[in-house]
Amino acid sequence: MRKRFLPIIMTVLMVLTFCISPMTMQTGAAENSTIYTIQDIRNLQDFLLAKPTEEDLSGKPYDLNDDGRWDVFDLCLMKRAYLSERSAYAPPFDLEKGTVTLNSGYEMPILGIGTYMLSTAQAEDSVYWALRDGYRLIDTARIYGNETGVGKGIQRAIDEGICTREEIFVTTKMWTADYSNGENAIQASLDRLGLDYIDLMILHHSQPSNDVAAYQAMEQAVEEGKLRSIGLSNYYEPEDFDRLANATSIIPALLQNETHPYHQSGLMKTHIAQYGTVMESWYPLGGRGHTATLFGDETISAIAEAHGKTSAQVILRWHLQSGHIAIPGSSNEAHIQENFEIFDFSLTDAEMQQIAALEKDERFSTY
Ligand code: NAD
(Lines give C-alpha, C1' and ligand atoms only; values in the text may rest on other atoms or scores of the structure.)
Protein backbone atom coordinates (compact mmCIF):
# COMPACT_ATOMS: atom_id res chain seq x y z
CA MET A 1 0.00 0.00 0.00
CA ARG A 2 2.81 2.32 1.04
CA LYS A 3 4.47 1.73 -2.34
CA ARG A 4 1.43 3.12 -4.13
CA PHE A 5 2.07 6.47 -2.52
CA LEU A 6 5.79 6.60 -3.13
CA PRO A 7 5.57 8.29 -6.54
CA ILE A 8 3.26 10.94 -5.05
CA ILE A 9 5.67 11.48 -2.18
CA MET A 10 8.52 11.66 -4.69
CA THR A 11 6.69 14.28 -6.72
CA VAL A 12 5.93 16.40 -3.65
CA LEU A 13 9.54 16.16 -2.60
CA MET A 14 10.69 17.04 -6.09
CA VAL A 15 8.61 20.23 -5.95
CA LEU A 16 9.98 20.89 -2.48
CA THR A 17 13.48 20.52 -3.83
CA PHE A 18 13.07 23.36 -6.23
CA CYS A 19 11.15 25.56 -3.80
CA ILE A 20 13.45 25.38 -0.81
CA SER A 21 16.81 24.49 -2.26
CA PRO A 22 18.30 28.01 -2.43
CA MET A 23 17.68 28.54 1.29
CA THR A 24 18.51 25.19 2.75
CA MET A 25 20.92 23.23 0.65
CA GLN A 26 24.64 23.17 0.40
CA THR A 27 25.41 23.66 -3.26
CA GLY A 28 28.68 21.74 -3.00
CA ALA A 29 26.77 18.64 -2.01
CA ALA A 30 24.31 19.06 -4.89
CA GLU A 31 27.25 18.90 -7.28
CA ASN A 32 28.26 15.50 -5.89
CA SER A 33 29.34 13.43 -8.90
CA THR A 34 27.78 10.17 -7.63
CA ILE A 35 25.25 8.75 -10.08
CA TYR A 36 22.03 7.92 -8.23
CA THR A 37 19.39 5.54 -9.48
CA ILE A 38 15.68 5.27 -8.77
CA GLN A 39 16.62 2.41 -6.43
CA ASP A 40 18.83 4.73 -4.36
CA ILE A 41 15.93 7.13 -4.06
CA ARG A 42 13.66 4.27 -2.96
CA ASN A 43 16.20 3.08 -0.39
CA LEU A 44 16.45 6.51 1.15
CA GLN A 45 12.69 7.03 1.10
CA ASP A 46 12.08 3.66 2.70
CA PHE A 47 14.64 4.51 5.33
CA LEU A 48 12.95 7.83 6.09
CA LEU A 49 9.46 6.35 6.07
CA ALA A 50 10.60 3.73 8.57
CA LYS A 51 11.13 6.55 11.10
CA PRO A 52 14.84 6.02 11.73
CA THR A 53 16.30 6.20 15.19
CA GLU A 54 19.11 8.57 16.18
CA GLU A 55 21.76 5.87 15.90
CA ASP A 56 20.78 5.19 12.27
CA LEU A 57 21.33 8.78 11.36
CA SER A 58 25.02 9.42 10.85
CA GLY A 59 27.86 8.82 8.49
CA LYS A 60 25.86 6.94 5.82
CA PRO A 61 26.62 7.11 2.09
CA TYR A 62 23.31 8.85 1.51
CA ASP A 63 24.35 11.85 3.59
CA LEU A 64 24.63 14.10 0.56
CA ASN A 65 24.91 17.42 2.39
CA ASP A 66 27.44 16.14 4.93
CA ASP A 67 25.46 17.08 8.03
CA GLY A 68 25.83 13.66 9.66
CA ARG A 69 22.22 12.68 9.01
CA TRP A 70 20.08 11.04 6.36
CA ASP A 71 17.12 13.32 6.07
CA VAL A 72 14.64 14.81 3.66
CA PHE A 73 17.23 17.29 2.38
CA ASP A 74 19.46 14.41 1.30
CA LEU A 75 16.48 12.98 -0.51
CA CYS A 76 15.89 16.30 -2.26
CA LEU A 77 19.55 16.52 -3.29
CA MET A 78 19.54 12.92 -4.48
CA LYS A 79 16.41 13.60 -6.51
CA ARG A 80 17.97 16.69 -8.05
CA ALA A 81 21.15 14.76 -8.91
CA TYR A 82 19.05 11.99 -10.41
CA LEU A 83 17.01 14.38 -12.52
CA SER A 84 20.06 16.23 -13.78
CA GLU A 85 21.33 12.90 -15.13
CA ARG A 86 18.05 12.28 -16.93
CA SER A 87 16.26 14.37 -19.46
CA ALA A 88 13.64 15.10 -16.75
CA TYR A 89 10.10 16.23 -17.29
CA ALA A 90 7.88 15.23 -20.17
CA PRO A 91 8.49 17.67 -23.01
CA PRO A 92 5.68 20.15 -23.73
CA PHE A 93 3.29 19.72 -26.64
CA ASP A 94 3.20 22.30 -29.41
CA LEU A 95 -0.57 22.49 -29.91
CA GLU A 96 -0.24 24.87 -32.86
CA LYS A 97 2.10 22.60 -34.76
CA GLY A 98 0.58 19.42 -33.36
CA THR A 99 3.90 17.86 -32.35
CA VAL A 100 6.12 17.05 -29.40
CA THR A 101 9.88 16.57 -29.36
CA LEU A 102 10.60 13.25 -27.70
CA ASN A 103 13.51 12.64 -25.33
CA SER A 104 15.14 10.86 -28.27
CA GLY A 105 15.32 14.20 -30.08
CA TYR A 106 12.80 13.25 -32.76
CA GLU A 107 9.64 15.25 -33.37
CA MET A 108 6.42 13.25 -33.14
CA PRO A 109 2.89 14.25 -34.15
CA ILE A 110 0.53 14.26 -31.15
CA LEU A 111 -2.55 13.02 -33.03
CA GLY A 112 -2.53 9.90 -35.19
CA ILE A 113 -4.58 7.08 -36.60
CA GLY A 114 -4.87 3.77 -34.75
CA THR A 115 -5.32 0.53 -36.67
CA TYR A 116 -6.29 -2.07 -34.05
CA MET A 117 -8.87 -4.56 -35.41
CA LEU A 118 -8.48 -3.31 -38.97
CA SER A 119 -7.95 -5.87 -41.73
CA THR A 120 -5.04 -5.41 -44.11
CA ALA A 121 -7.35 -3.83 -46.70
CA GLN A 122 -9.06 -1.59 -44.13
CA ALA A 123 -5.68 -0.53 -42.74
CA GLU A 124 -4.49 0.45 -46.22
CA ASP A 125 -7.54 2.62 -46.88
CA SER A 126 -7.68 4.12 -43.39
CA VAL A 127 -3.99 5.06 -43.40
CA TYR A 128 -4.32 6.53 -46.89
CA TRP A 129 -7.41 8.60 -45.91
CA ALA A 130 -5.72 9.74 -42.72
CA LEU A 131 -2.59 10.94 -44.54
CA ARG A 132 -4.78 12.68 -47.11
CA ASP A 133 -6.64 14.44 -44.26
CA GLY A 134 -3.42 15.71 -42.70
CA TYR A 135 -2.50 13.02 -40.16
CA ARG A 136 1.22 12.24 -40.02
CA LEU A 137 1.24 9.64 -37.21
CA ILE A 138 0.24 6.01 -37.74
CA ASP A 139 0.02 3.32 -35.06
CA THR A 140 0.10 -0.37 -35.85
CA ALA A 141 1.48 -3.58 -34.30
CA ARG A 142 2.79 -6.91 -35.47
CA ILE A 143 -0.08 -8.64 -33.61
CA TYR A 144 -2.72 -6.64 -35.54
CA GLY A 145 -1.66 -8.54 -38.66
CA ASN A 146 -2.03 -5.42 -40.80
CA GLU A 147 1.48 -3.96 -41.10
CA THR A 148 1.46 -4.84 -44.80
CA GLY A 149 -1.75 -2.86 -45.32
CA VAL A 150 -0.34 0.07 -43.35
CA GLY A 151 2.75 0.02 -45.58
CA LYS A 152 0.58 0.01 -48.70
CA GLY A 153 -1.50 2.94 -47.46
CA ILE A 154 1.68 4.90 -46.78
CA GLN A 155 3.10 4.07 -50.20
CA ARG A 156 -0.15 5.08 -51.93
CA ALA A 157 -0.05 8.47 -50.21
CA ILE A 158 3.63 8.95 -51.07
CA ASP A 159 3.03 7.95 -54.72
CA GLU A 160 0.26 10.52 -54.97
CA GLY A 161 2.52 13.24 -53.56
CA ILE A 162 0.41 13.67 -50.41
CA CYS A 163 3.46 13.36 -48.16
CA THR A 164 7.02 12.15 -48.07
CA ARG A 165 8.38 9.33 -45.95
CA GLU A 166 10.30 11.83 -43.82
CA GLU A 167 7.12 13.73 -43.00
CA ILE A 168 5.36 10.78 -41.45
CA PHE A 169 5.88 8.97 -38.17
CA VAL A 170 5.22 5.25 -38.04
CA THR A 171 4.86 3.32 -34.79
CA THR A 172 4.74 -0.44 -34.51
CA LYS A 173 4.99 -2.81 -31.56
CA MET A 174 6.98 -5.93 -30.82
CA TRP A 175 4.72 -8.75 -29.68
CA THR A 176 5.52 -10.68 -26.49
CA ALA A 177 6.05 -14.01 -28.29
CA ASP A 178 8.90 -12.37 -30.24
CA TYR A 179 10.79 -10.99 -27.24
CA SER A 180 13.39 -13.71 -27.24
CA ASN A 181 14.17 -12.99 -30.87
CA GLY A 182 13.87 -9.24 -31.08
CA GLU A 183 16.31 -8.74 -33.93
CA ASN A 184 14.24 -10.90 -36.29
CA ALA A 185 11.00 -9.32 -35.10
CA ILE A 186 12.29 -5.84 -35.94
CA GLN A 187 13.44 -6.88 -39.39
CA ALA A 188 10.13 -8.66 -40.06
CA SER A 189 8.16 -5.51 -39.16
CA LEU A 190 10.40 -3.42 -41.42
CA ASP A 191 9.83 -5.88 -44.26
CA ARG A 192 6.05 -6.00 -43.82
CA LEU A 193 5.81 -2.22 -43.60
CA GLY A 194 8.13 -1.83 -46.60
CA LEU A 195 10.19 0.76 -44.74
CA ASP A 196 13.93 1.35 -44.27
CA TYR A 197 13.41 2.57 -40.72
CA ILE A 198 10.62 2.69 -38.16
CA ASP A 199 10.11 5.96 -36.31
CA LEU A 200 9.07 4.34 -33.04
CA MET A 201 8.96 0.75 -31.91
CA ILE A 202 7.50 -0.15 -28.52
CA LEU A 203 7.29 -3.35 -26.54
CA HIS A 204 3.61 -4.33 -26.61
CA HIS A 205 3.40 -5.54 -23.00
CA SER A 206 5.44 -5.81 -19.87
CA GLN A 207 6.88 -9.32 -19.62
CA PRO A 208 9.50 -9.48 -16.87
CA SER A 209 10.88 -12.83 -18.03
CA ASN A 210 12.43 -11.38 -21.20
CA ASP A 211 11.32 -7.80 -21.95
CA VAL A 212 14.77 -6.43 -21.05
CA ALA A 213 16.34 -8.60 -23.76
CA ALA A 214 13.69 -7.44 -26.24
CA TYR A 215 14.32 -3.81 -25.33
CA GLN A 216 18.07 -4.33 -25.75
CA ALA A 217 17.40 -5.68 -29.25
CA MET A 218 15.56 -2.44 -29.97
CA GLU A 219 18.51 -0.46 -28.58
CA GLN A 220 20.79 -2.32 -30.96
CA ALA A 221 18.44 -1.50 -33.85
CA VAL A 222 18.61 2.18 -32.91
CA GLU A 223 22.40 1.94 -33.24
CA GLU A 224 21.95 0.37 -36.66
CA GLY A 225 19.50 3.04 -37.85
CA LYS A 226 16.57 0.64 -38.18
CA LEU A 227 14.62 2.29 -35.37
CA ARG A 228 14.66 5.96 -34.40
CA SER A 229 12.89 6.05 -31.04
CA ILE A 230 11.91 3.22 -28.71
CA GLY A 231 9.42 2.91 -25.89
CA LEU A 232 6.94 0.78 -23.98
CA SER A 233 3.29 -0.15 -23.82
CA ASN A 234 1.17 -1.61 -21.04
CA TYR A 235 3.39 -0.93 -18.05
CA TYR A 236 0.94 0.09 -15.33
CA GLU A 237 3.09 0.16 -12.20
CA PRO A 238 5.89 2.69 -11.60
CA GLU A 239 8.08 -0.13 -10.25
CA ASP A 240 7.63 -2.11 -13.43
CA PHE A 241 8.59 0.87 -15.59
CA ASP A 242 11.65 1.50 -13.37
CA ARG A 243 12.66 -2.15 -13.59
CA LEU A 244 12.90 -1.92 -17.35
CA ALA A 245 14.36 1.60 -17.44
CA ASN A 246 17.07 0.82 -14.89
CA ALA A 247 18.17 -2.34 -16.70
CA THR A 248 18.58 -0.66 -20.09
CA SER A 249 20.42 2.31 -21.59
CA ILE A 250 18.03 4.30 -23.75
CA ILE A 251 15.28 5.96 -21.73
CA PRO A 252 11.86 5.04 -23.18
CA ALA A 253 10.62 7.92 -25.34
CA LEU A 254 7.00 7.06 -24.76
CA LEU A 255 4.62 4.87 -22.78
CA GLN A 256 1.43 3.78 -24.55
CA ASN A 257 -1.24 2.79 -22.00
CA GLU A 258 -5.02 2.65 -21.89
CA THR A 259 -5.92 6.26 -21.15
CA HIS A 260 -9.23 8.13 -21.43
CA PRO A 261 -11.42 10.36 -19.25
CA TYR A 262 -12.43 7.44 -17.00
CA HIS A 263 -8.82 6.21 -16.66
CA GLN A 264 -6.56 9.24 -16.88
CA SER A 265 -3.25 7.56 -16.01
CA GLY A 266 -2.20 10.42 -13.72
CA LEU A 267 0.11 8.35 -11.55
CA MET A 268 2.03 6.83 -14.44
CA LYS A 269 2.11 10.11 -16.35
CA THR A 270 3.70 11.89 -13.39
CA HIS A 271 6.09 9.04 -12.82
CA ILE A 272 7.35 8.77 -16.40
CA ALA A 273 7.69 12.55 -16.68
CA GLN A 274 10.73 12.14 -14.44
CA TYR A 275 12.35 10.35 -17.35
CA GLY A 276 11.19 12.89 -19.93
CA THR A 277 8.90 10.13 -21.22
CA VAL A 278 5.58 11.05 -22.86
CA MET A 279 2.22 9.29 -22.33
CA GLU A 280 0.33 8.03 -25.36
CA SER A 281 -3.32 6.99 -25.03
CA TRP A 282 -4.70 3.79 -26.44
CA TYR A 283 -8.47 3.44 -26.24
CA PRO A 284 -8.51 7.26 -26.31
CA LEU A 285 -12.27 7.16 -27.00
CA GLY A 286 -12.89 4.19 -24.72
CA GLY A 287 -12.36 1.54 -27.42
CA ARG A 288 -14.80 -0.56 -29.40
CA GLY A 289 -17.96 -1.30 -27.43
CA HIS A 290 -17.29 1.48 -24.91
CA THR A 291 -17.30 4.69 -26.93
CA ALA A 292 -21.03 5.21 -26.27
CA THR A 293 -20.29 5.44 -22.53
CA LEU A 294 -17.84 8.28 -22.99
CA PHE A 295 -19.67 9.97 -25.87
CA GLY A 296 -22.89 9.95 -23.80
CA ASP A 297 -21.25 11.21 -20.62
CA GLU A 298 -23.24 14.30 -19.56
CA THR A 299 -20.18 16.46 -18.92
CA ILE A 300 -18.53 15.59 -22.20
CA SER A 301 -21.77 16.01 -24.18
CA ALA A 302 -22.42 19.42 -22.62
CA ILE A 303 -18.90 20.64 -23.43
CA ALA A 304 -19.26 19.30 -26.98
CA GLU A 305 -22.51 21.17 -27.44
CA ALA A 306 -20.99 24.39 -26.14
CA HIS A 307 -18.23 24.21 -28.76
CA GLY A 308 -20.34 22.88 -31.64
CA LYS A 309 -18.11 19.81 -31.70
CA THR A 310 -18.74 16.09 -31.26
CA SER A 311 -17.98 14.24 -28.04
CA ALA A 312 -15.18 12.40 -29.88
CA GLN A 313 -13.56 15.71 -30.80
CA VAL A 314 -13.83 17.03 -27.24
CA ILE A 315 -12.28 13.87 -25.80
CA LEU A 316 -9.43 13.98 -28.31
CA ARG A 317 -8.80 17.64 -27.64
CA TRP A 318 -8.76 16.86 -23.90
CA HIS A 319 -6.06 14.25 -24.53
CA LEU A 320 -3.84 16.70 -26.37
CA GLN A 321 -4.33 19.50 -23.83
CA SER A 322 -3.58 16.97 -21.07
CA GLY A 323 -0.28 16.06 -22.70
CA HIS A 324 -1.32 12.66 -24.07
CA ILE A 325 -0.60 11.70 -27.65
CA ALA A 326 -3.85 10.24 -29.03
CA ILE A 327 -4.32 7.60 -31.73
CA PRO A 328 -8.07 7.09 -32.28
CA GLY A 329 -8.82 4.02 -34.35
CA SER A 330 -11.32 3.96 -37.19
CA SER A 331 -12.01 2.50 -40.61
CA ASN A 332 -14.74 5.04 -41.23
CA GLU A 333 -13.66 7.77 -43.66
CA ALA A 334 -15.91 10.43 -42.09
CA HIS A 335 -14.81 9.61 -38.53
CA ILE A 336 -11.16 9.72 -39.54
CA GLN A 337 -11.68 13.22 -40.91
CA GLU A 338 -13.75 14.30 -37.90
CA ASN A 339 -11.12 13.11 -35.44
CA PHE A 340 -8.47 15.32 -37.03
CA GLU A 341 -10.60 18.48 -36.86
CA ILE A 342 -9.61 19.39 -33.32
CA PHE A 343 -7.00 22.05 -33.90
CA ASP A 344 -9.55 24.85 -34.41
CA PHE A 345 -10.85 25.04 -30.84
CA SER A 346 -9.59 24.65 -27.32
CA LEU A 347 -11.05 23.65 -23.99
CA THR A 348 -11.04 26.20 -21.18
CA ASP A 349 -9.31 25.52 -17.88
CA ALA A 350 -12.73 25.01 -16.29
CA GLU A 351 -13.68 22.46 -18.96
CA MET A 352 -10.38 20.65 -18.52
CA GLN A 353 -11.09 20.49 -14.78
CA GLN A 354 -14.61 19.18 -15.37
CA ILE A 355 -13.20 16.35 -17.48
CA ALA A 356 -10.41 15.74 -14.97
CA ALA A 357 -13.15 15.24 -12.36
CA LEU A 358 -14.56 12.32 -14.39
CA GLU A 359 -11.63 10.11 -13.33
CA LYS A 360 -12.95 6.74 -12.11
CA ASP A 361 -9.72 4.71 -12.38
CA GLU A 362 -11.79 2.41 -14.60
CA ARG A 363 -10.13 0.51 -17.40
CA PHE A 364 -12.36 -0.82 -20.17
CA SER A 365 -9.88 -3.45 -21.26
CA THR A 366 -9.10 -6.49 -19.18
CA TYR A 367 -5.37 -6.61 -19.95
P1 NAD B 1 -10.58 3.98 -29.70
O2 NAD B 1 -10.78 4.50 -28.33
O3 NAD B 1 -9.80 4.77 -30.66
O4 NAD B 1 -12.04 3.68 -30.24
C5 NAD B 1 -12.22 3.06 -31.47
C6 NAD B 1 -13.71 2.94 -31.69
O7 NAD B 1 -14.25 4.25 -31.81
C8 NAD B 1 -14.03 2.21 -32.98
O9 NAD B 1 -15.16 1.41 -32.76
C10 NAD B 1 -14.34 3.35 -33.95
O11 NAD B 1 -15.24 2.94 -34.95
C12 NAD B 1 -14.96 4.38 -33.02
N13 NAD B 1 -14.76 5.76 -33.48
C14 NAD B 1 -13.61 6.36 -33.84
N15 NAD B 1 -13.82 7.64 -34.14
C16 NAD B 1 -15.13 7.86 -33.99
C17 NAD B 1 -15.95 9.00 -34.13
N18 NAD B 1 -15.45 10.17 -34.52
N19 NAD B 1 -17.28 8.88 -33.89
C20 NAD B 1 -17.79 7.70 -33.48
N21 NAD B 1 -17.09 6.58 -33.30
C22 NAD B 1 -15.75 6.67 -33.55
O23 NAD B 1 -10.00 2.48 -29.57
P24 NAD B 1 -8.87 1.70 -30.34
O25 NAD B 1 -8.93 1.93 -31.80
O26 NAD B 1 -8.92 0.33 -29.86
O27 NAD B 1 -7.55 2.36 -29.77
C28 NAD B 1 -6.82 3.32 -30.49
C29 NAD B 1 -5.55 2.74 -31.04
O30 NAD B 1 -4.67 2.44 -29.97
C31 NAD B 1 -5.75 1.40 -31.74
O32 NAD B 1 -6.33 1.53 -33.00
C33 NAD B 1 -4.35 0.86 -31.71
O34 NAD B 1 -3.58 1.44 -32.75
C35 NAD B 1 -3.88 1.30 -30.34
N36 NAD B 1 -4.08 0.28 -29.30
C37 NAD B 1 -3.00 -0.16 -28.60
C38 NAD B 1 -3.15 -1.11 -27.63
C39 NAD B 1 -1.95 -1.58 -26.87
O40 NAD B 1 -2.05 -2.60 -26.16
N41 NAD B 1 -0.84 -0.91 -26.95
C42 NAD B 1 -4.41 -1.65 -27.32
C43 NAD B 1 -5.51 -1.18 -28.03
C44 NAD B 1 -5.33 -0.21 -29.00
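In listed order, ligands and their atoms are each counted from 1.
Between Phe169 and Tyr106, the ring center distance fails the sub-6.0 Å criterion.
Not counting sequence neighbours, the partners of Ser104 by the side-chain hydrogen bond (donor to acceptor under 3.5 Å, both in side chains) test are Ser229.
Using modelled atom types, one side-chain atom of Asn257 and one backbone atom of Tyr235 make a donor-acceptor pair closer than 3.5 Å. No donor-acceptor distance shorter than 3.5 angstrom exists from the side chain of Gln337 to the backbone of Asp133, with no hydrogens or angles considered.
Asp344 CG: more than 12 foreign heavy atoms inside a 6.0 Å radius.
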List below, pair by pair, the N or O atoms of ligand 1 and of the protein that are less than 3.5 Å apart, including the distance to 0.1 Å; reply 'none' if no pair qualifies.
| unit_1 | atom_1 | unit_2 | atom_2 | d |
| --- | --- | --- | --- | --- |
| ligand 1 | 2 (O) | Pro284 | N | 3.3 |
| ligand 1 | 2 (O) | Leu285 | N | 2.7 |
| ligand 1 | 2 (O) | Gly286 | N | 3.3 |
| ligand 1 | 2 (O) | Gly287 | N | 2.9 |
| ligand 1 | 3 (O) | Gly329 | N | 2.8 |
| ligand 1 | 15 (N) | Asn339 | ND2 | 2.9 |
| ligand 1 | 18 (N) | Glu338 | OE2 | 3.1 |
| ligand 1 | 18 (N) | Asn339 | OD1 | 2.8 |
| ligand 1 | 19 (N) | His335 | NE2 | 3.4 |
| ligand 1 | 25 (O) | Gly329 | N | 3.4 |
| ligand 1 | 27 (O) | Tyr283 | N | 3.3 |
| ligand 1 | 32 (O) | Thr115 | N | 3.0 |
| ligand 1 | 32 (O) | Tyr116 | N | 3.0 |
| ligand 1 | 34 (O) | Thr115 | N | 3.2 |
| ligand 1 | 34 (O) | Asp139 | OD2 | 2.6 |
| ligand 1 | 36 (N) | Tyr144 | OH | 3.2 |
| ligand 1 | 40 (O) | His204 | NE2 | 3.3 |
| ligand 1 | 40 (O) | Asn234 | ND2 | 2.8 |
| ligand 1 | 41 (N) | Ser233 | OG | 2.8 |
| ligand 1 | 41 (N) | Gln256 | OE1 | 2.8 |

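Hydrophobic clustering (side-chain heavy atoms under 4.5 Å, transitive across Ile, Leu, Val, Met, Phe, Trp, Tyr) groups Trp318 together with Val278.
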